[in-house]
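Structure in structure tokens, see below.
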Amino acid sequence: MKRIVIVGATSGLGLETARLCIREGWRVGAAGRRIEALEALRNEAPGQVEIEPLDITRDDAPEHLGRLIERLGGMDIYFHSSGIGSRNTDLNPEIELATLRTNGEGFVRMVVAAFGYFRSLGGGHIAVISSIAGTKGLGSAPAYSATKRMQNTYIDALAQLARMDGYGIRFTDIRPGFVATPLLSEKGHYPMLMKTEKVARRIMQVLRKPRRRVVIDRRYALFVFFWKLIPQWLWERLKIRQKA
Ligand SMILES: NC(=O)c1ccc[n+]([C@@H]2O[C@H](COP(=O)([O-])OP(=O)(O)OC[C@H]3O[C@@H](n4cnc5c(N)ncnc54)[C@H](OP(=O)(O)O)[C@@H]3O)[C@@H](O)[C@H]2O)c1
């Protein structure tokens, strides 16, 4: 029986993965800002789920994480599913900066806290959801794509650090394409849109059997392969605007 902490367990991929972990018989520590959503999840399996409201953009979030781990009786897997993202072709500074705070600062704050916990134990598994959006700078969502790239690089760096110093921590960088979650509530055309349940099932596989990096699904993996081959001079001339 594993003990998993899911930060961002109140909706979308985090919530769906939490449900699969419950079905697997794991103990789940669920976190996010929305207390009612956390309570609703706990009501689905009262003996198996511990909850802790926290906001990853705040300095006190690692303390809350510590409390949650304690109540869970320890943590084997840290799963980071928190994130925000919107199209922002108008470059509204509030959106850009909020995205940096959540996907950049908040992400680092929490992953560093999990790293510290596992380092003190001599091992563990950190899994994060980044995105395929980090593959190239997207004109339609500059802060989102830049922060997702940062997440990819940050995990690469921590994976090297953990090996260098022999901490025994494993890392999984999960990169989905478009998934029908509340994050995509804005009207728009999202090609190859995937169901949340399907993506959560794939996430569950890599939580059971860690892989270093995974693009979900296969179609998107192929897409990313070709996407990476596009030279920058051509990339900048492409009009990738989602239709409203
Ligand atoms: N949907 C997609 O197409 C897609 C594709 C690729 C990658 N992703 C990534 O997948 C991850 C999960 O997103 P989702 O699609 O499942 O969207 P979602 O349903 O909107 O879930 C986002 C989660 O992040 C949490 N969160 C946001 N801000 C937070 C904060 N300041 N502190 C703590 N938790 C916070 C939310 O909880 P509270 O609001 O309760 O705090 C919620 O549980 C994100 O990192 C997203 O970038 C999504």
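The chain is numbered in sequence order, starting from 1. Whatever order the structure lists them in is the order used to number ligands and atoms, beginning at 1.
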Do Thr135 and Arg149 meet the criterion of a side-chain donor-acceptor pair at a distance under 3.5 Å?
-> no
For ligand 1, which atoms have a heavy atom of Thr102 less than 4.0 angstrom away?
-> 28 (N)
Just by distance, do the side chain of Ser145 and the backbone of Pro142 share a donor-acceptor pair under 3.5 Å?
-> yes
For Gly83 and ligand 1, does the shortest N/O to N/O distance drop below 3.5 Å?
-> yes
Side chain, backbone, both or neither: Val7 near ligand 1, heavy atoms under 4.0 Å = neither
If you have a sec, work out which protein heavy atom is nearest atom 32 (N) of ligand 1 and how many Å separate them, to one decimal?
-> Ile56 N, 2.9 Å
Is there a heavy atom in Ser81 that sits closer than 4.0 Å to ligand 1?
-> yes
Atom 27 (C) of ligand 1 - nearest protein heavy atom and its distance = Arg33 NH2, 3.4 Å
For Pro176, is at least one N or O under 3.5 Å away from an N or O on ligand 1?
-> no
Below 4.5 Å, heavy atoms only, C-beta onward: do Thr89 and Leu91 meet side chain to side chain?
-> no
the protein heavy atom lying closest to atom 3 (O) of ligand 1 turns out to be Val179 N, 2.8 Å
Which one of Ser82, Gly32, Ala133 has a non-hydrogen atom at the shortest distance from atom 34 (N) of ligand 1?
-> Ser82
Which ligand 1 atoms, with their elements, are less than 4.0 angstrom from a heavy-atom of Gly12?
-> 16 (O), 19 (O)
Is the shortest N/O to N/O distance between Leu13 and ligand 1 below 3.5 Å?
-> yes
Which residue supplies the protein heavy atom nearest to atom 15 (O) of ligand 1, what is that atom called, and how far is it?
-> Thr181 OG1, 2.5 Å
So, are Asp217 and Lys198 salt-bridged, with charged N and O less than 4.0 Å apart?
-> yes
How far is atom 19 (O) of ligand 1 from its nearest protein heavy atom, and which residue and atom is that?
-> Ser11 OG, 2.8 Å
Under 6.0 Å from the CD atom of Gln160, do we count more than 12 heavy atoms belonging to anything else shown?
-> no
Salt bridge present between Asp156 and Arg212 (N-O < 4.0 angstrom) = yes
Numbered atoms and elements of ligand 1 in range of Phe178, under 4.0 angstrom, heavy atoms = 3 (O)
Report yes or no: does Pro182 have a heavy atom closer than 4.0 Å to ligand 1?
-> yes
Residue, atom name and distance, where the atom is the protein heavy atom closest to atom 20 (O) of ligand 1 = Leu183 N, 3.6 Å
for atom 36 (C) of ligand 1, nearest protein heavy atom and its distance come out as Thr10 OG1, 3.6 Å
Mind checking whether Arg34 has an N or O less than 3.5 Å away from an N or O of ligand 1?
-> yes
When you check the gap from the basic side-chain N to the acidic O, do Asp76 and Lys2 get nearer than 4.0 Å?
-> no
What atoms in ligand 1 come closer than 4.0 Å to a heavy atom of Thr57?
-> 31 (N)
Less than 3.5 Å between some nitrogen or oxygen of Tyr144 and one of ligand 1, yes or no?
-> yes
Are Arg67 and Glu70 close enough for a salt bridge, meaning some N to O gap below 4.0 Å?
-> no
Proximity flag Leu54 to ligand 1, non-hydrogen atoms under 4.0 Å | yes
Strictly under 4.0 Å, does any heavy atom of Arg101 approach an atom of ligand 1?
-> no
For Gly177, the ligand 1 atoms with a heavy-atom partner under 4.0 Å come out as 3 (O), 5 (C), 6 (C)
I would like to know whether Glu24 and Arg208 meet salt bridge (Lys or Arg N to Asp or Glu O under 4.0 Å); could you show each step before the answer?
-> CA-CA 10 Å; Glu24 194 87 356; Arg208 277 195 220 102; 2.7 Å; yes
Numbered in order shown, the ligand 1 atoms found under 4.0 Å of a heavy atom of Leu184 are 3 (O)
Return a yes/no value for Gly8: is any of its N or O atoms, backbone included, closer than 3.5 angstrom to an N or O of ligand 1?
-> yes
Would the Phe115 and Tyr167 ring centres measure less than 6.0 Å apart?
-> yes
Identify whether the distance between the nearest side-chain nitrogen and carboxylate oxygen of Glu52 and Arg71 falls below 4.0 Å.
-> yes
Polar-atom distance check: Gly14 versus ligand 1, any N or O pair below 3.5 Å?
-> no
Looking only at heavy atoms of Ser130, does any of them come nearer than 4.0 Å to an atom of ligand 1?
-> yes
Of all protein heavy atoms, the one nearest atom 45 (O) of ligand 1 is Lys148 NZ, 3.0 Å
Min side-chain heavy-atom separation Leu20-Trp26 under 4.5 Å = no
Side chains of Leu41 and Ile22 in contact at under 4.5 Å (non-hydrogen atoms) | yes
Does the ring center of His125 lie less than 6.0 Å from the ring center of Tyr78?
-> no
So, Arg87 and Ser140: side-chain donor and acceptor under 3.5 Å apart, yes or no?
-> no
Atoms in ligand 1 with a heavy atom of Asp55 nearer than 4.0 Å | 30 (C), 31 (N), 32 (N)
Judged by non-hydrogen atoms, does Ala31 sit under 4.0 Å from ligand 1?
-> no
Is Leu54 close to Met110 at the side-chain level, that is, under 4.5 Å between some pair of heavy atoms?
-> yes
Check the side chains of Asn88 and Ser86 for a donor-acceptor pair under 3.5 angstrom, ignoring hydrogens and angles.
-> no
